[in-house]
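This report refers to the structure that appears directly beneath it.
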Amino acid sequence: MSEAQKTAGRQDAGPSTVTGVDRFFRITERGSTFGREIRGGFATFFTMAYILVLNPLILGSAKDKSGAQLDPVQLTTATALVAAVMTIVMGVGGNLPLALAAGLGLNAVVAFQLAPLMSWDDAMGLIVLEGLLICVLVVTGLREAVMHAIPQQLKQAISVGIGLFIALIGFVDAGFVTRIPDAANTTVPVQLGSTGTLAGWPMLVFCVGVLLTIGLLARKVRGAILVSIVTMTVVALAVNALADVETWGLTTPEWPDTIVDAPDFGLLGQFSLFGAFGQVGVVTVVLLVFTLILSDFFDTMGTVVGVSAEAGLLDEDGKVPGLGKVLLIDGAAAVAGGAASASSATSYIESAAGVGEGARTGFANLVTGSLFGLALFLTPLLTIVPLQAAAPALVAVGFLMMTQVKHIDWDRYEIAVPAFLTIAVMPFTYSITNGIGAGFLAYVLIKTVLGRAKEVHWLLWGTSALFLVYFAIDPIEQLLGV
């Protein structure tokens, strides 16, 4: 920052304010300026604001064990609130340009894995429990042990599998792929559209949305996903006004009576910390919580290191400054997400967009968090987005997660086979937990038959044993007469 800029800043805000903020966030020390931090904060928000649409879409479209659904308006409020608060906390406490919000993939676990087995309160309670356990792992130093237990390429396979799972959800939500009603009498269980063909204006909106999204991504347009969602929502509004559309599904694109409205905090505090134990049993709860921890914990590690490296903030040993605080705040974000019924909140790789605009400190988070706070009052505007306009983003995110497949060594069977099973089983069984379990069991088995069982970490042995019980729970219950 030039002397002239500093002087102007002092005149605008007073000497103690500007100097104190600069010193606290180490803005000048890290080679940044207030202008760059502000631009970076805006860039990060616009590249991840799609979560305000997608999180209510994913959670709101699912039903719990009793058939109850969460209110989309309340979900939008909860999503924005958690993102606003935890992004600011990360900025102040961790001093990294690392924004947080409800994690894609994690919300899919909640919606399609947890909710069908229990009530929403119980499912969100597991998210709170997962966040607390992550905090314990950080505080006790067990993070390194867990990190070393899972082979890196299996972690990447998990991300790829979740990516395919998310893409499948996008195709299904839009109606591009449907289940054939008489599956028992047909050769395939799913089909294109509802009749084997694509028909209707909503389907056209989805297809154009997919093409627009991948085109913007290929052009490396900042905020490509958000631009696509906004554009196709406008198109859907026009189509709905001009054409005779029988149904759009869950959300009809109609302009609301009011754009600004008071946020609805009705979901805050609606969780039961231990209710799931009575619903599905201890073994299943342990496996479900482990799945959540695995997805959240390792995604965060990759995101934190990646964003910090992009910002040039790693030290000479390649370590992230204040990593302990950063991970602790990320764990607290998971707790906050569950407590607000917004699903687990986690660090966003889209923060790299802000870094690309020059952000180097947590001051950028103050900008991003404030914008999420503003979104709290724009819920009516955000809830007009139909599935067909938002689902292309799920397909795009699936592609982005799929790119990690290149890091897997497909010539080594002890890695390739478990990775393949992990990736394939997730979408084919509509379960992230099943994919992880299949991959772990295959990895342990192949290492054993190759005479290299000692290479498997004891934590992986223990986890695989739990998964074995999980998959064989029915015959075990029959043998025990349960």
Side-chain angles (χ1 to χ4, degrees), residues 62 64-65 103 105-134 136-137 142 145-147 149-151 154-155 157-159 161-162 165 271-299 331 334-335 338 343-344 346 418-419 421-445 456-480 482:
D64 69 5
K65 186 177 181 179
L106 291 168
N107 55 9
V109 175
V110 176
F112 304 106
Q113 188 67 29
L114 303 188
L117 301 176
M118 60 194 74
S119 71
W120 283 112
D121 288 0
D122 295 339
M124 294 304 171
L126 288 188
I127 296 296
V128 174
L129 186 60
E130 170 243 335
L132 292 172
L133 290 174
I134 286 179
V136 171
L137 287 174
L142 287 176
V146 178
M147 282 291 295
I150 314 300
L154 270 189
K155 301 173 197 172
I158 290 170
S159 293
I162 292 175
F165 183 47
F271 70 94
S272 174
L273 193 59
F274 300 110
F277 288 88
Q279 293 288 325
V280 297
V282 175
V283 173
T284 302
V285 166
V286 169
L287 289 170
L288 290 172
V289 171
F290 175 78
T291 299
L292 292 167
I293 290 176
L294 193 68
S295 300
D296 196 350
F297 197 79
F298 293 117
D299 280 355
V335 175
S343 180
S344 182
T346 187
L421 290 174
T422 300
I423 294 168
V425 171
M426 283 188 193
F428 289 160
T429 66
Y430 225 60
S431 168
I432 294 172
T433 299
N434 292 346
I436 293 175
F440 282 11
L441 286 170
Y443 179 77
V444 170
L445 173 66
V456 180
H457 196 284
W458 68 269
L459 282 174
L460 198 56
W461 276 105
T463 305
S464 298
L466 288 173
F467 272 120
L468 185 61
V469 173
Y470 171 77
F471 285 123
I473 191 66
D474 183 64
I476 289 175
E477 288 178 343
Q478 291 186 38
L479 286 174
L480 297 177
V482 177

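These figures come from a predicted structure and were not determined experimentally.
Here Leu129 contributes atom CG and Leu288 contributes atom CG; the two are 11.0 Å apart, rounded to the nearest 0.5 Å. One finds the CG atom of Leu132 at 11.5 Å from the CD1 atom of Ile127 (value rounded to the nearest 0.5 Å). Interatomic distance, CD of Gln113 versus OG1 of Thr429, reported as 8.0 Å (0.5 Å rounding). With rounding to the nearest 0.5 angstrom, the CG atom of Leu126 is 9.5 Å from the CG atom of Leu117. Here the CG-CG distance, from Asn434 to Leu421, works out to 12.0 Å after rounding to the nearest 0.5 Å.
For Phe428, the CZ atom is loosely surrounded, since the number of other residues' heavy atoms within 6.0 Å does not exceed 12.
Between Leu445 and Ser464, the closest side-chain pair of non-hydrogen atoms is not below 4.5 Å. Val285 is not listed as a side-chain neighbour of Met118, based on a closest heavy-atom distance of 4.5 Å or more. Counting heavy atoms from C-beta outward, Leu154 and Pro418 have side chains that approach closer than 4.5 Å. Residues Leu114 and Met124 are not in side-chain contact: their nearest non-hydrogen atoms beyond the backbone lie 4.5 Å or more apart. Side-chain contact between Glu130 and Leu133 is absent, with no heavy-atom pair separated by less than 4.5 Å. Between Lys65 and Asp122, every side-chain heavy-atom pair lies at or beyond the 4.5 Å cut-off. Counting heavy atoms from C-beta outward, Val283 and Leu287 have side chains that approach closer than 4.5 Å.
Heavy-atom minimum distance, Val128 versus Gly338: CG2-C, 3.6 Å. When all heavy atoms of Gly131 and Ala334 are compared, the pair lying nearest together is CA-CB, 3.6 Å. Contact detail for Ala115 and Ala123: the closest heavy-atom pair is N-CB, 4.4 Å. Residues Gly125 and Phe271 come closest through the heavy atom pair N-CB, 3.8 Å. The heavy-atom pair separating Ser343 from Val110 by the smallest distance is OG-CG2, 3.6 Å.
Annotation: side chain to side chain contact (heavy atoms under 4.5 Å, CB included) contacts of Thr463 (sequence neighbours excluded): Phe290, Phe440, Phe467. Here Ala157 pairs with Ile408, Ala419, Thr422, Ile423 under the side chain to side chain contact (heavy atoms under 4.5 Å, CB included) rule; sequence neighbours left out. The side chain to side chain donor-acceptor pair (under 3.5 Å) test applied to Asp64 returns Ser66, not counting sequence neighbours.
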